[in-house]
*Asks:* 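Okay, handing you the structure first.
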Amino acid sequence: MKMIYKLKSLRETILNRSVRSFIKSEVSVTIKSLKDAIINSVIWSAMIAVTSGYILQSFGMSKNYGEFQAASLITSAVGFETYRTIFRLLSDIEGEKIILYYFSLPIKSNVVFFRLCVIFALNGVIMSTVTLLVLKAVLWNQINIANINFALFYLVVIVIASLFATFSIFLTAYTPSMQKIGNTLMRVLFPIWFMGGYQFSFAAAKSISNVVACMSLVSPYMYANEAMRGIILSSGEFIPIWKCLTVLVIMTVIFWKIGISKIKRRLDII
């Protein structure tokens, strides 16, 4: 019995070391590729901030619109990794199939997918921080960083990142091929982003049409944007943060269960 216990203990130690080594190597590769992503985010967020915070105000837009748009930009900076992840996964599945090598390692198959959540969370923390700093520099007095609860801010970022990590797996599983990735972008990603409250709140949608408001609630972006606005904006009528986080966690579990099951069948590793 002692021998069996020692063998089990040794096996668990090897597995734990393999998991840590695997995730550590993936995180290292991700960090090295962040330079271009950060530069892109700085350019993109700065231009949108100038437009929403200054130019649109000359057309009669609310003085708070720059601050309002800032919250959406931070969420988008995290969520936009979805398209790049789908592209990378599909490219590998149809090309070198390096992902199959990962499944040959002495680790549980779900760890291969869990690494995406870790990478997304790391990327989300970095990109949200960079975007917030850029927005503060451009909008300056329109954003009061001193009023931000950063513990809650990063909790929301990690939940949002986990949601979009599992959503990436889900969409990859249901995108037939690289040739069809444009359909995924135009028929799924763009609609849920645009109708997910990028430029409007749930309260604003509801004041115009209950149908539009209900449609917007289908998009995970709406809950992500509303949660972020509750942290960034000093005032406003938004869906409570904890309700948003609850829905996002439920969506994450659903996408994880369905997405992983589907992609495993696609890779024939069940």
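Residue indices begin at 1 and follow the sequence shown. All values below come from the heavy atoms of this structure, side chains included, with hydrogens, waters and symmetry mates left out.
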*Asks:* Report, as yes or no, whether the 6.0 Å neighbourhood of atom CE on Met195 holds more than 12 heavy atoms from other residues, nucleotides or ligands.
*Replies:* yes

*Asks:* For Ala203, is there any backbone N or O sitting under 3.5 Å from a side-chain donor or acceptor partner on Glu237?
*Replies:* no

*Asks:* Taking side chain as C-beta onward, heavy atoms only, is Cys244 less than 4.5 Å from Met222?
*Replies:* no

*Asks:* Quick one, Met215 and Val211 - any side-chain contact, counting heavy atoms below 4.5 Å?
*Replies:* yes

*Asks:* Nearest 0.5 Å please: distance from the CG atom of Leu122 over to the SG atom of Cys117.
*Replies:* 13.0 Å

*Asks:* If we ignore hydrogens and angles and just use 3.5 Å, is the side chain of Ser219 paired with the main-chain N or O of Ser216 as donor and acceptor?
*Replies:* no

*Asks:* Lys264 vs Phe113, test: side chain to side chain contact (heavy atoms under 4.5 Å, CB included). Steps then yes/no.
*Replies:* CA-CA 10 Å; Lys264 280 183 176 180; Phe113 299 108; 4.1 Å; yes

*Asks:* Using 0.5 Å steps for rounding, measure from the CE atom of Met127 to the OG atom of Ser76.
*Replies:* 11.5 Å

*Asks:* Answer yes or no: is there a side-chain heavy-atom contact under 4.5 Å between Met178 and Ser91?
*Replies:* yes

*Asks:* Flag yes if more than 12 heavy atoms outside Phe200 fall under 6.0 Å of its CZ atom; otherwise flag no.
*Replies:* yes

*Asks:* Mind checking whether Glu81 and Phe120 have side chains closer than 4.5 Å, heavy atoms only?
*Replies:* yes

*Asks:* Rounded to the nearest 0.5 Å, what separates atom OG in Ser52 from atom CG in Leu73?
*Replies:* 6.0 Å

*Asks:* Is it the case that the side chain of Asn225 and the backbone of Tyr221 share a donor-acceptor pair, with hydrogens and angles ignored and the cut-off at 3.5 Å?
*Replies:* yes

*Asks:* State, to 0.1 Å, how close Gly259 and Ala173 come at their nearest heavy-atom pair, and which atoms those are.
*Replies:* O-CB, 3.8 Å

*Asks:* Taking the side chain as everything from C-beta on, heavy atoms only, tell me whether Leu132 gets closer than 4.5 Å to Lys136.
*Replies:* no

*Asks:* Decide whether Met47 and Phe68 are clustered together by the hydrophobic rule: side chain heavy atoms of Ile, Leu, Val, Met, Phe, Trp, Tyr closer than 4.5 Å, transitively.
*Replies:* no

*Asks:* Rounded to the nearest 0.5 Å, what's the gap from CG on Leu90 to CD on Gln179? Could you check?
*Replies:* 11.5 Å

*Asks:* Sub-3.5 Å donor-acceptor pair from the side chain of Gln69 to the main-chain atoms of Tyr198, do we have one?
*Replies:* yes

*Asks:* List the atom of Ala227, the atom of Val156, and the distance in Å for their closest heavy-atom pair.
*Replies:* CB-CG1, 4.0 Å

*Asks:* In sequence, state the C-alpha distance, the side-chain angles, and the governing distance for Leu185 and Ile181, and then conclude on side chain to side chain contact (heavy atoms under 4.5 Å, CB included).
*Replies:* CA-CA 6 Å; Leu185 174 64; Ile181 196 171; over 6 Å; no

*Asks:* Determine yes or no for a side-chain-to-main-chain donor-acceptor pair under 3.5 angstrom, with Lys206 supplying the side chain and Asn210 the backbone.
*Replies:* no

*Asks:* Quick one about Thr129 and Tyr154 (side-chain donor to acceptor, distance below 3.5 Å, no hydrogens or angles considered), yes or no?
*Replies:* yes

*Asks:* May I have the step-by-step check of side chain to side chain contact (heavy atoms under 4.5 Å, CB included) for Phe114 and Trp256, ending in yes or no?
*Replies:* CA-CA 9 Å; Phe114 178 71; Trp256 174 271; 4.1 Å; yes

*Asks:* Do Leu217 and Ile208 belong together in a cluster built from hydrophobic side chains that touch within less than 4.5 Å?
*Replies:* no

*Asks:* Consider only side-chain heavy atoms of I, L, V, M, F, W and Y, link residues closer than 4.5 Å, and tell whether Ile39 and Leu135 are in one cluster.
*Replies:* no

*Asks:* Please determine whether residues Ile43 and Ile38 belong to a single hydrophobic cluster, defined as Ile, Leu, Val, Met, Phe, Trp and Tyr linked transitively by side-chain heavy-atom distances below 4.5 Å.
*Replies:* no

*Asks:* With a cut-off of 6.0 Å (strictly less than), are more than 12 heavy atoms of other residues, nucleotides or ligands near CZ of Phe194?
*Replies:* no

*Asks:* Evaluate the side-chain proximity of Trp193 to Leu189: yes if any heavy-atom separation is below 4.5 Å, no if none is.
*Replies:* no

*Asks:* Could you pull out the closest heavy-atom pair between Pro220 and Leu163, with the gap in Å?
*Replies:* CB-CD1, 3.7 Å

*Asks:* Rounded to the nearest 0.5 Å, what separation is found between the CD1 atom of Ile263 and the CD1 atom of Ile93?
*Replies:* 4.0 Å

*Asks:* Please test Tyr223 against Leu245 for side chain to side chain contact (heavy atoms under 4.5 Å, CB included), starting from the C-alpha separation and ending with a verdict.
*Replies:* CA-CA 7 Å; Tyr223 303 98; Leu245 292 181; over 6 Å; no

*Asks:* Could you check whether any side-chain heavy atom of Ile254 comes within less than 4.5 Å of a side-chain heavy atom of Phe170, counting everything from C-beta outward?
*Replies:* no

*Asks:* Do Phe202 and Arg229 make a side-chain contact, defined as non-hydrogen atoms from C-beta onward lying under 4.5 Å apart?
*Replies:* no

*Asks:* Does either side chain, that of Thr131 or that of Ser45, offer a donor lying less than 3.5 Å from an acceptor on the other one?
*Replies:* no

*Asks:* Is there a donor-acceptor pair closer than 3.5 Å between any side-chain N or O of Ser261 and the backbone N or O of Ile258?
*Replies:* no

*Asks:* Search all heavy atoms of Ile86 against all heavy atoms of Ser168 and return the closest pair with its distance.
*Replies:* CG1-O, 3.8 Å

*Asks:* So, Thr252 versus Ser162: side-chain donor-acceptor pair below 3.5 Å or not?
*Replies:* no

*Asks:* Please report the closest heavy-atom contact between Glu67 and Ile232, naming both atoms and the distance.
*Replies:* OE2-O, 3.5 Å

*Asks:* I need the minimum non-hydrogen distance between Ala205 and Val212, along with the two atoms involved.
*Replies:* CB-CG1, 4.2 Å

*Asks:* Once you round to the nearest 0.5 Å, how far does CG of Asn40 lie from CZ of Arg84?
*Replies:* 7.5 Å

*Asks:* Decide whether Trp140 and Val134 are clustered together by the hydrophobic rule: side chain heavy atoms of Ile, Leu, Val, Met, Phe, Trp, Tyr closer than 4.5 Å, transitively.
*Replies:* no

*Asks:* Counting only N and O atoms by type, is there a donor-acceptor contact under 3.5 Å from the side chain of Arg266 to the main-chain atoms of Pro176?
*Replies:* yes

